[in-house]
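Note that these values count all heavy atoms, side chains included, but never hydrogens, waters or copies made by symmetry. This one's a predicted model, so the numbers in the text were calculated from it and none came from an experiment. By convention in this document, chain letters (A, B, ...) are assigned in the order of the sequence lines, proteins followed by strands, and residues within each chain are numbered from 1.
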Protein chains: 2
Amino acid sequence: MASSDTSRIQCPILRDKCMTAEQAAALIPNGARVGMSGFTGAGYPKAIPPALAARIETLHAAGEPFSIGLWTGASTAPELDGALAKVGGVNMRMPYQSDPTCRAQINAGKMQYVDAHLSHVAPYVWFGFWGRLDVAVIEVAGVLPDGRLIPSSSVGNNKTWLDQADKIILEVNAWQPEGLNGMHDIYYGTDLPPNRVPIPLVKPGDRIGEPYLRCDPAKVVAVVPTHSPDRNSVFNPPDDTSQRIAGHIIEFLQHEVRHGRLPPTLLPLQSGVGNIANAVLAGLDAGPFQHLTAYTEVLQDGMLDMLRSGTLDSASATALSLSPAATEEFTRNIGFYRDRIVLRPQEISNHPELIRRLGLISMNGMIEADIYGNVNSTHVMGSSIMNGIGGSGDYARNAYLSIFMTPSLAKGGSISCIVPMASHVDHTEHDVQILVTEQGLADLRGLSPSQRSEVVIERCAHPDFRPALRDYVARARASGCGLHTPHLLGEALSWHERYLRTGSMRA
Amino acid sequence: MASSDTSRIQCPILRDKCMTAEQAAALIPNGARVGMSGFTGAGYPKAIPPALAARIETLHAAGEPFSIGLWTGASTAPELDGALAKVGGVNMRMPYQSDPTCRAQINAGKMQYVDAHLSHVAPYVWFGFWGRLDVAVIEVAGVLPDGRLIPSSSVGNNKTWLDQADKIILEVNAWQPEGLNGMHDIYYGTDLPPNRVPIPLVKPGDRIGEPYLRCDPAKVVAVVPTHSPDRNSVFNPPDDTSQRIAGHIIEFLQHEVRHGRLPPTLLPLQSGVGNIANAVLAGLDAGPFQHLTAYTEVLQDGMLDMLRSGTLDSASATALSLSPAATEEFTRNIGFYRDRIVLRPQEISNHPELIRRLGLISMNGMIEADIYGNVNSTHVMGSSIMNGIGGSGDYARNAYLSIFMTPSLAKGGSISCIVPMASHVDHTEHDVQILVTEQGLADLRGLSPSQRSEVVIERCAHPDFRPALRDYVARARASGCGLHTPHLLGEALSWHERYLRTGSMRA
């Protein structure tokens, strides 16, 4: 974890501020709003959060209150979200999490959580909408002699935290490959309205900024050298369900190319994170397309494979999220990847202006969709948070094609992921073009809600649940309610109720 | 209606194509997709739709099928939407309507309706997502000698319809003031991805295009001279409820200025259409702010007043929507207004890139909001369409401040506009910052769902419904469901059910 290797800290002023993680954690006051680095298990601080958690535990044991507001890029890792949640050290969490302990705290009402579009986060902090940021705790890969910072394996909101925080604490992680130097592109052209100007990015691989983070050395109160790996989760090999979802998407993209609605090299890909997304990427890598590009949040194994094989020419993201094996490959051939990968702040990777301009093919997972095309990405049975909306709204709303995908069943078949009415809506009927399950693909473009319900049921729902869905629609249509989006309000959420009561949506 | 005055048609080629509305209507084939002009009751064709409706009525009486797909900018008028709906002449309507007959047809399942974000419409048509456009029927204010068109009182999707349609039919309306010439700014810099570039607009009043619509004379199959007024609805004078809503918003904006979160001249205003919006504009006009700007869809009476009084320096929109009295004032002093008003295509007035860049203060009406901040803008009791989402999603998602407003009660007090769960979601919890009723203003920025429910109930709900809402939250929290967004799924929509059953949400 912590390390005595200060060779990466080339700035004398900052090297003089080296201390232990415990000493640094002691500089964070009770009640502080703390902006930490970290996006999808990459580039998060690894020593200070556990040290802070230990301090909090001691204080709580002594009857002293202590908690912080915790802001990050997106999800982090057990030693950050998990450790702080476990000791009840977080009073407010923003803008995304995927940690089991953290989730349990939120759903127990013990931690408040603001689940926000990732493109909104930096601007809202600049605007002062979420209050002052007291402390930034940022992992970097190195410090240049003049104090500029070599970013780590994610950029996330680090530029904003460094700019906005009153005090800065740095972790300099010698585990991160030195070859990351030069891979980043930090755009400093943002401003507050009414002084904003166009962002001059027109291709996914464009570099419009600087490779380093600016940092006012006077604000730095502590530097902690570390040597510790990122979370680096392993992906499951694609299963049959994932492969069938991938197959439907690839067939659809080929169909669109044949009809002239997509160029042969497609348009820049955006892919959510997870096993299904990885299967889709594997399918694309084995498929007929060449010279693709990606403009996405996170580069996971699948995209690395596509870069190596030459299917993908270039990729832009705000974070890496690699398995240990992929990390090894990445580090070994980092020169190759540095020529093809650009890591950016998340306000740029997720910016509506750029997503709309580039015309992305956006592919994201979901929890459930309803028969009319509303998508729930965040809530289990309407009340409990799963992870958060992340960037899916930024992408789906502004993409050229917005695709949402899920297996048709969950929990061993007791849950239908196609329901009469979504128990929570994150992506409205106006934002969802394509739904895909292993059963098939529903192309909702240009369809009214009633027409959508037919293709969603017949193409995407599991055959076990189709009769009940057809019956719901038929009875809703006959009920005398309005026929634009016919619903039986007394029954619309009954599948979820039944699951809560019996453990299954099956009647 | 139709007229023999061809003096506004200065292009000989097009003048030779003059004919009656009946002759022009006969050129529209059964099953055609027809893109008509029109946005909020301004600039819609006035002679051909009634002629087409008469033709359809005759055909139907003779047992012959005839219907079209009808695409517009947004809402039109009784002589367009109403006339065609009345004879069952529309099989598919996009992307917005507000006509009673049209609405009744949709809710009776006799007309399919795709309710889309207004910024999505032109791009989706360029992409071919909604099929080929067969005919464009466009009202203009005049034709130049070289065939370019002087746009009418709305721009909407006219540029796209003229570009994309196989055949073009023009109505040249001599009723429209000649002084409209020069007020428009038609941007021809759009392209398909991957060839898109930044849109070079940085201030609401910027002119980045041309004052005229391009039109290929070879595609024009008919020109119909007309002399006929726009719909020109009268607004109600602000009532007490609207004035109280306006007062809360103005107080909030002053508060934001005091805290340095808004400049003293605010940021560009976007305002939805209607009596409450007009009351807010009247309140702003009488209020402390000066040198404001507007970047919005529609200019209604209130903004005209603000321009005249000097409160507003400039305004950008895609359409006018004026009362007869305001129309007179506008026409009389059109030189003054032409210096201060820019009318643009709706893909520019509603473009996410520009809304985000300019940092709008977005104020839109709604049907209902739930206690967690989800907003329903389109559906009455979950099933029946009211009008459509229009541009509210384009603005709310990308604005600096997204404000939604409604009286706390509807239908004489039998409906609470603050409900446990919205019966349809158009703006998710991630997109809604400020809710306002005559009761007060709820600032939801930085609040978790549970925290939001408290301020929404205490600030916005009508006192008659507060006890039941508090009771719902208390029982949901105690029910064992997840405490992030606690819901009782069996009861969440029961208020709407009760209304459908008893005519009142009151227990």
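Within the 4.5 angstrom heavy-atom criterion, atoms from both the backbone and the side chain of Ser119(B) approach chain A. With a 4.5 Å cut-off on non-hydrogen atoms, Leu358(B) touches chain A through its backbone but not through its side chain. Using a 4.5 Å cut-off between heavy atoms, Met421(B) touches chain A through its side chain atoms alone. With a 4.5 Å cut-off on non-hydrogen atoms, Glu491(A) does not touch chain B at all. Of the two parts of Arg93(B), neither the backbone nor the side chain holds a non-hydrogen atom closer than 4.5 Å to a non-hydrogen atom of chain A. Contact annotation for Ala492(B): only side-chain heavy atoms (C-beta onward) come within less than 4.5 Å of a heavy atom of chain A. For Tyr124(B), the part lying near chain A is the side chain, with the backbone staying farther off; criterion is any non-hydrogen pair under 4.5 Å. Contacts of Pro204(B) with chain A are absent, with no heavy-atom separation under 4.5 Å from either backbone or side chain. Proximity to chain A is limited to the side chain of His351(B), based on heavy atoms less than 4.5 angstrom apart. Residue Leu262(B) does not touch chain A at all, counting heavy-atom pairs closer than 4.5 Å. Using a 4.5 Å cut-off between heavy atoms, Lys110(B) does not touch chain A at all. Only the backbone of Pro486(B) has a heavy atom closer than 4.5 Å to any heavy atom of chain A. Heavy-atom distances place the side chain of His379(B), and not its backbone, under 4.5 Å from chain A. In this structure, the portion of Glu429(B) lying under 4.5 Å from any heavy atom of chain A is its side chain and not its backbone. Pro95(A) does not touch chain B: none of its heavy atoms, backbone or side chain, sits under 4.5 Å away.
Shown are Leu447(B), Asp443(B), Ile371(B), Val432(B); of these, the side-chain contact (heavy atoms from CB on, under 4.5 Å) with Arg452(B) is made only by Leu447(B). For the side-chain contact (heavy atoms from CB on, under 4.5 Å) criterion with Thr378(B), the lone passing option out of Ile389(B), Val425(B), Asn387(B) is Ile389(B).
A donor-acceptor distance shorter than 3.5 angstrom exists from the side chain of Asp206(B) to the backbone of Val202(B), with no hydrogens or angles considered. Although no hydrogens or angles enter the test, the distance criterion places a donor-acceptor pair under 3.5 Å between the side chain of Arg357(A) and the main chain of Leu201(A).
When side chains are defined from C-beta on, Ser450(A) counts as touching Gln112(B), because their heavy atoms get closer than 4.5 Å. At least one side-chain heavy atom of Val419(A) sits less than 4.5 Å from a side-chain heavy atom of Met505(A). Contact annotation: the side chain of Pro193(B) approaches that of Phe127(B) to within less than 4.5 Å [non-hydrogen atoms, C-beta and beyond].
A salt bridge between Glu347(A) and Arg196(A) is absent, with no side-chain N of the basic residue lying under 4.0 Å from a carboxylate O of the acidic one.
Separation of the Phe129(B) and Tyr400(A) ring centroids falls under the 6.0 Å cut-off.
Scanning for side-chain contact (heavy atoms from CB on, under 4.5 Å) contacts around Met386(A) gives Arg103(A), Ile367(A), Val380(A), with sequence neighbours left out.
Of the listed residues (Gln451(B), Arg397(B), Glu256(B), His120(B)), the one with the most heavy-atom contacts under 4.5 Å to chain A is Arg397(B). Highest contact tally toward chain B, considering only Arg445(A), His259(A), Arg477(A), is held by Arg445(A) [criterion: heavy-atom pairs under 4.5 Å]. Counting heavy-atom pairs closer than 4.5 Å to chain A, the top-ranked of the candidates Arg356(B), His424(B), Arg261(B) is Arg356(B). Contacts with chain B were tallied for Asp431(A), Asn398(A), Asn195(A); Asp431(A) has the most, counting heavy-atom pairs under 4.5 Å. Your options are Pro352(B), Cys481(B), Gly109(B), and the one with the most heavy-atom pairs under 4.5 Å with chain A is Pro352(B). Between chain B and the options Ser384(A), Pro198(A), Gly359(A), Gly446(A), heavy-atom pairs under 4.5 Å are most frequent for Pro198(A).
Ser448(B) contributes atom OG, which lies 11.5 Å from atom OH of Tyr113(A) (distance to the nearest 0.5 angstrom). Annotation: the span from Glu497(A) atom CD to Met381(A) atom CE amounts to 11.5 Å, rounded to 0.5 Å. Put simply, CD on Glu368(B) and CG on Asp426(B) are 10.0 Å apart, with the number rounded to the nearest 0.5 Å.
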